[in-house]
S.K.: 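This structure is in structure tokens; I'll ask about it shortly.
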Amino acid sequence: LPDGSVLALYGSSANNFGKDDSDMDMCLVLPSDHAPKSSAATAGHSLTPTEAKDTQHTAERLLLLEKIAETLLAMGMTNVSARLTARIPIVEYHDPLTQLDGDISLHNPLALANTRMLRTYVDIDPRVRYLAFLIKHWAKSRHINSPQDGTLSSYGFILSLIYFLQMRPVPVLPNLQLLPPDWSGQRYHQPSPHGPPATAAAGGRPSTVPLPSLPQVMATSVDGTRCNVYFLEPNGQQMRMLQVSDSCFPRPLLLLLLR
């Protein structure tokens, strides 16, 4: 492995929306000089030196996944499968000791950022996790949680739930993507499709304070797309303020879905 590589856990095993037997989704984070770039040559065009280097790195990453698959087999893992031609190349495996399934991909910073963001929402209000379990069970029992069949994934249902709770007339959750790094309790105007304007922070009355300018934290996806993954990762004081704001809405969250 390149020096500085890190194996990071992401997805339901790390964002607090998973169960004890959830799959172990892992990502091997490579140093920046081995990370995918956003440039790609089109058919019929010669490669620039940068694109040629990216192509070489892509071949090296696929070779690395093959070696990871071989290592997992040598360690006694079963059902090892290297899906190198998938949109996101991964190695899948089953651990006979823990009876857990897992997969390892390479350099997926968007998944890591999404995992941290979802976990932060659970830290702000743990009730969201339990409500998400209920919705996921409801969707699974009705066979509507399969993207292959044209329905939402569990991740899609969780995002929908978070948006729903953010857009209540009295918000249950803040919109972390609208809060600046130095946020100190201000309530910013956030238009709501449900009537009175909601606020970026839960609780309190609506405000017309304009949204501040926000930083951009760019990350490159596995297919080379550049995305802004900024959201407020609250420090201790900010987390306490967000949790206090949440206490303004003590009613059971399930009642919101039954209205």
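Numbering starts at 1 and runs along the sequence shown. Basis for what follows: all heavy atoms, side chains included, without hydrogens, waters or symmetry-related copies. Because the structure is predicted, anything quoted here is derived from the model rather than measured.
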S.K.: Regarding Arg129 and the six-membered ring of Phe133, is the cationic atom NZ or CZ under 6.0 Å from the ring centre and inside 45° of its axis?
M.R.: no
S.K.: Determine all donor-acceptor pairs shorter than 3.5 Å in which one atom belongs to a side chain in residues 149-160; sequence neighbours excluded.
M.R.:
residue: Asp149; atom: OD2; partner: Ser146; partner atom: OG; Å: 3.1
residue: Thr151; atom: OG1; partner: Ile144; partner atom: O; Å: 3.3
residue: Thr151; atom: OG1; partner: Asn145; partner atom: N; Å: 3.4
residue: Thr151; atom: OG1; partner: Ser146; partner atom: N; Å: 2.7
residue: Thr151; atom: OG1; partner: Ser146; partner atom: O; Å: 2.8
residue: Ser153; atom: OG; partner: Tyr155; partner atom: N; Å: 3.4
residue: Ser153; atom: OG; partner: Gly156; partner atom: N; Å: 3.1
residue: Tyr155; atom: OH; partner: Asn114; partner atom: ND2; Å: 3.1
residue: Ser160; atom: OG; partner: Gly156; partner atom: O; Å: 3.0

S.K.: Indicate yes or no for a side-chain donor-acceptor contact from Glu92 to the backbone of Ile90 under 3.5 Å, with no hydrogens or angles considered.
M.R.: no
S.K.: Can you tell me if Gln237 has over 12 outside heavy atoms packed within less than 6.0 Å of its CD?
M.R.: no
S.K.: Has the side chain of Gln243 got a donor or acceptor atom that lies under 3.5 Å from a matching backbone atom of Gln238?
M.R.: no
S.K.: What I'd like to find out is whether the side chain of Leu9 reaches to under 4.5 Å of the side chain of Met24, using heavy atoms alone.
M.R.: yes
S.K.: Using a 6.0 Å cut-off, check whether atom CZ of Arg83 has over 12 heavy atoms from anything other than its own residue.
M.R.: no
S.K.: Who passes side-chain hydrogen bond (donor to acceptor under 3.5 Å, both in side chains) against Asp95, sequence neighbours left out?
M.R.: Thr98
S.K.: Answer yes or no: is there a side-chain heavy-atom contact under 4.5 Å between Leu178 and Leu232?
M.R.: no
S.K.: For the CG atom of Leu161 and the CD1 atom of Ile135, what is their distance to the nearest 0.5 Å?
M.R.: 4.5 Å
S.K.: Judged by atom type as modelled, is there a donor-acceptor pair below 3.5 Å linking the side chain of Asp23 to the main-chain atoms of Asp25?
M.R.: no
S.K.: Find out whether Met241 and Trp183 are in side-chain contact, i.e. whether some heavy atom of one side chain is under 4.5 Å from a heavy atom of the other.
M.R.: yes
S.K.: Can you name the closest pair of heavy atoms from Phe231 and Ala113 and give their distance?
M.R.: CE2-O, 3.6 Å
S.K.: I'd like to know if the side chain of Thr78 and the backbone of Pro96 have a donor-acceptor N/O pair within less than 3.5 Å.
M.R.: no
S.K.: If the condition is side-chain hydrogen bond (donor to acceptor under 3.5 Å, both in side chains), which residues does Glu66 pass it with, not counting sequence neighbours?
M.R.: none
S.K.: Is there a side-chain contact between Thr120 and Met239 (heavy atoms, below 4.5 Å)?
M.R.: yes
